[in-house]
Amino acid sequence: MICEDKEVLASMIEEARTYTGYGQLADYIPALREADPSVLSLAIYDGGETCAAVGNVDETFTLQSISKVLSLALALMDQGEEEVFSRVGMEPTGDPFNSIIKLETNQPNKPLNPMINAGALAVTSMISGETPDHKLGRLLTFIHELTGNPEIRYDEKVAESELKTAHLNRSLSYFMKQHGVFDDDVEDLLDLYTKQCAIEVSCQDLAKIGYVIANEGKHVFSKRPIIPLHIARILKTFMVTCGMYNASGEFAIRVGIPAKSGVSGGIMASIPHGLGIGIYGPALDDRGNSIAGMKLLESLSHRYDLSIF
Ligand code: GLN
C-alpha cells in the first residue's frame, strides 16, 4: 500500500526537491514572495484514520486556484448546472490562467471554463449568500466539512496583498459585467474572490479534499454525500481538462491524474475511487505549476501505476 511506503515516499520527495532550484515563486501577489522555494511536501490519503505525509509537512499555504474547484462545487449545488453553464463554458483554453484574450474573441463573451480566472470570478459571483461575508462563511464551512478540519481560515495578509494588486482580475470582472456575465459590485466580488484564494491549508487538508472528490463526493466516515455524485464527476473532469492551466494536456499524458494547481505551489489530485493527494512546493514553472510537485506526481504515477487512462 502506497500510504505505508513512507521510506520510498521520503526518497521520492528528496529526489523531486532537486527541481525546486529551477522554479520561481509567484511574484505578482507580493505576499507569495515570502515563501521558501526549497520547500516540498506530500500527503496521501486513502480514507483511513491517518494521512501519510512526508517532507515539510507542517507548512501551510493558500489555496489560490485550487479554490476554483471548491467554489465551482458550491455554485453548482446552489444554482444547478444549467444556470452555472449559461454563464461559464466547459472548454479548455490553451492560454495562461489570467488571459483576457478569449473573453473578447469568444461569442457570446462568457469565460471558457471555471478553472481560468475569468471563469472562476463568474463562478464566485454565483455562490449564494446575503453578503460577501456570508458567502465566504459558506465556502469555509464546506471546506471544514471536506477536510474534517474546523480550524481552516483565510490568510488576511495574502488576501489583502492580492486585492491591492488584482488589476488584471478587476479588468476581467469589469469586462464580464459589461457583457452581462454577472451584475455584482466588482470590488465586493474581488474581495470575496481574493479571500477565497487565500484560504490557508496544509497538504494533509488538500489530500483529504482530493479524497472526497475522488470518492463520489462522500464524507469519509459517514459516507453521507457532501458533494452530489454528478458534481464530483464534473469537478474531476475539469481537473483533467483544465486543472493544470495550459499544461493540462501534457500533464494528462505524463501523469494521467485529475489534479488542480494553484500559484502558491499547491496541487490537489484525486484518483477516481482511490487516493487523494496534496502537494506543496512553491517554486513554480513558467506556466504557474509547482515545478517539483509536477515531477513528484509524475514519479508517483509511474511507480504506483496511478494513471486513469
Ligand atoms: N489568486 C490567483 C489569481 O487570481 C489565483 C491564480 C492561480 O492560482 N493560478 O491570480
Side-chain angles (χ1 to χ4, degrees), residues 23-35 60-72 88 92-103 111-125 127 132 136 139 143 154-176 184 186-201 203 206 209 238-239 241-248 251 259-269 278-291 293-294:
Q24 304 285 335
L25 296 172
D27 58 1
Y28 74 100
I29 300 174
L32 297 184
R33 284 183 210 145
E34 289 165 26
T60 56
F61 52 95
T62 55
L63 284 173
Q64 298 304 332
S65 276
I66 301 169
S67 70
K68 293 170 178 169
V69 177
L70 307 174
S71 53
L72 176 64
V88 57
T93 134
D95 301 321
F97 63 84
N98 53 7
S99 173
I100 200 164
I101 190 160
K102 293 225 172 84
L103 256 191
L112 273 178
N113 70 66
M115 301 292 122
I116 50 173
N117 284 9
L121 286 157
V123 164
T124 297
S125 81
I127 295 176
L136 180 69
L139 184 60
I143 294 174
Y154 75 93
D155 180 328
E156 287 180 30
K157 198 171 147 205
V158 174
E160 208 181 290
S161 167
E162 180 171 7
L163 187 61
K164 276 197 197 134
T165 53
H167 307 307
L168 201 44
N169 285 337
R170 259 184 201 92
S171 317
L172 294 167
S173 302
Y174 278 114
F175 189 95
M176 288 188 284
D184 297 43
V186 168
E187 278 312 311
D188 281 353
L189 177 63
L190 281 172
D191 187 59
L192 174 59
Y193 172 78
T194 48
K195 286 176 180 162
Q196 157 195 324
C197 288
I199 292 172
E200 191 179 5
V201 295
C203 60
L206 268 195
I209 303 174
F238 275 124
M239 287 160 77
T241 56
C242 317
M244 308 304 280
Y245 318 126
N246 44 336
S248 299
F251 185 80
K260 181 75 202 89
S261 67
V263 286
S264 53
I267 304 179
M268 175 179 80
I279 288 181
Y280 174 53
L284 307 180
D285 64 16
D286 56 358
R287 312 273 185 116
N289 292 314
S290 170
I291 192 162
M294 299 273 277

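Ligands are counted one by one from 1 in listed order, and the atoms in each one are counted from 1 as well. Residues take their numbers from the sequence shown, with the count starting at 1. Being a predicted model, the structure only gives us computed values, none of them experimental.
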Next item on the list: Please report which non-hydrogen protein atom sits nearest to atom 4 (O) of ligand 1, along with the residue it belongs to and the distance in Å to one decimal place.
Entry: Y193 OH, 2.7 Å
Next item on the list: Would you kindly say whether Q64 and S264 are connected by a side-chain donor-acceptor distance under 3.5 Å?
Entry: no
Check: Would you say N98 touches ligand 1, if touching means a heavy atom closer than 4.0 Å?
Finding: no
Notebook entry, point to check: Who's closest to atom 3 (C) of ligand 1 heavy-atom-wise, of K260, E162, M115?
Noted result: E162
Notebook entry, point to check: When you check the gap from the basic side-chain N to the acidic O, do R170 and E187 get nearer than 4.0 Å?
Noted result: yes
Notebook entry, point to check: Given that the side chain starts at C-beta and the backbone is N, CA, C, O, which of these parts of V263 lies under 4.0 Å from ligand 1, counting heavy atoms, or is it both or neither?
Noted result: both
Check: Does Q64, backbone or side chain, put an N or O under 3.5 Å from an N or O of ligand 1?
Finding: yes
Check: At a 4.0 Å threshold, what atoms of ligand 1 neighbour a non-hydrogen atom of N117?
Finding: 3 (C), 4 (O), 6 (C), 10 (O)
Next item on the list: Measure the distance from atom 10 (O) of ligand 1 to every protein heavy atom, then report the residue, atom name and distance (to 0.1 Å) of the closest one.
Entry: Y28 OH, 2.5 Å
Next item on the list: Please answer whether the main-chain N or O of A120 pairs with a side-chain N or O of T124 as donor and acceptor at a distance below 3.5 Å.
Entry: yes
Notebook entry, point to check: Where on N169 is there a heavy atom closer than 4.0 Å to ligand 1, on the side chain, on the backbone, on both, or on neither?
Noted result: side chain
Notebook entry, point to check: For the atom pair OG (S65) and CD1 (I116), what is the distance rounded to the nearest 0.5 Å?
Noted result: 10.5 Å
Notebook entry, point to check: Is there any N or O on K68 that sits under 3.5 Å from an N or O of ligand 1?
Noted result: no
Note to self: Taking G243's backbone N and O only, do any of them form a donor-acceptor pair with K260's side chain (distance below 3.5 Å, no angle check)?
What the structure shows: yes
Notebook entry, point to check: Y245 heavy atoms, cut-off 4.0 Å: which ligand 1 atoms fall inside?
Noted result: 7 (C), 8 (O), 9 (N)
Note to self: Could you check whether D155 and T62, counting side-chain N and O atoms only, form a donor-acceptor pair closer than 3.5 Å?
What the structure shows: no
Check: With atoms numbered from 1 as shown, which atoms in ligand 1 lie under 4.0 angstrom from a non-hydrogen atom of C197?
Finding: 1 (N)
Checklist line | Parallel, tilted or perpendicular: rings of F97 and Y245 (30°, 60°) | finding: tilted
Notebook entry, point to check: What is the closest protein heavy atom to atom 6 (C) of ligand 1, and at what distance does it sit?
Noted result: S65 OG, 3.1 Å
Check: In terms of atom number and element, which parts of ligand 1 are under 4.0 angstrom from non-hydrogen atoms of G262?
Finding: 8 (O)
Checklist line | Salt-bridge contact K157-E34 (side-chain N to carboxylate O under 4.0 Å) | finding: yes
Next item on the list: Return a yes/no value for F97: is any of its N or O atoms, backbone included, closer than 3.5 angstrom to an N or O of ligand 1?
Entry: no
Checklist line | Heavy-atom side-chain contact between L206 and I279 under 4.5 Å | finding: no
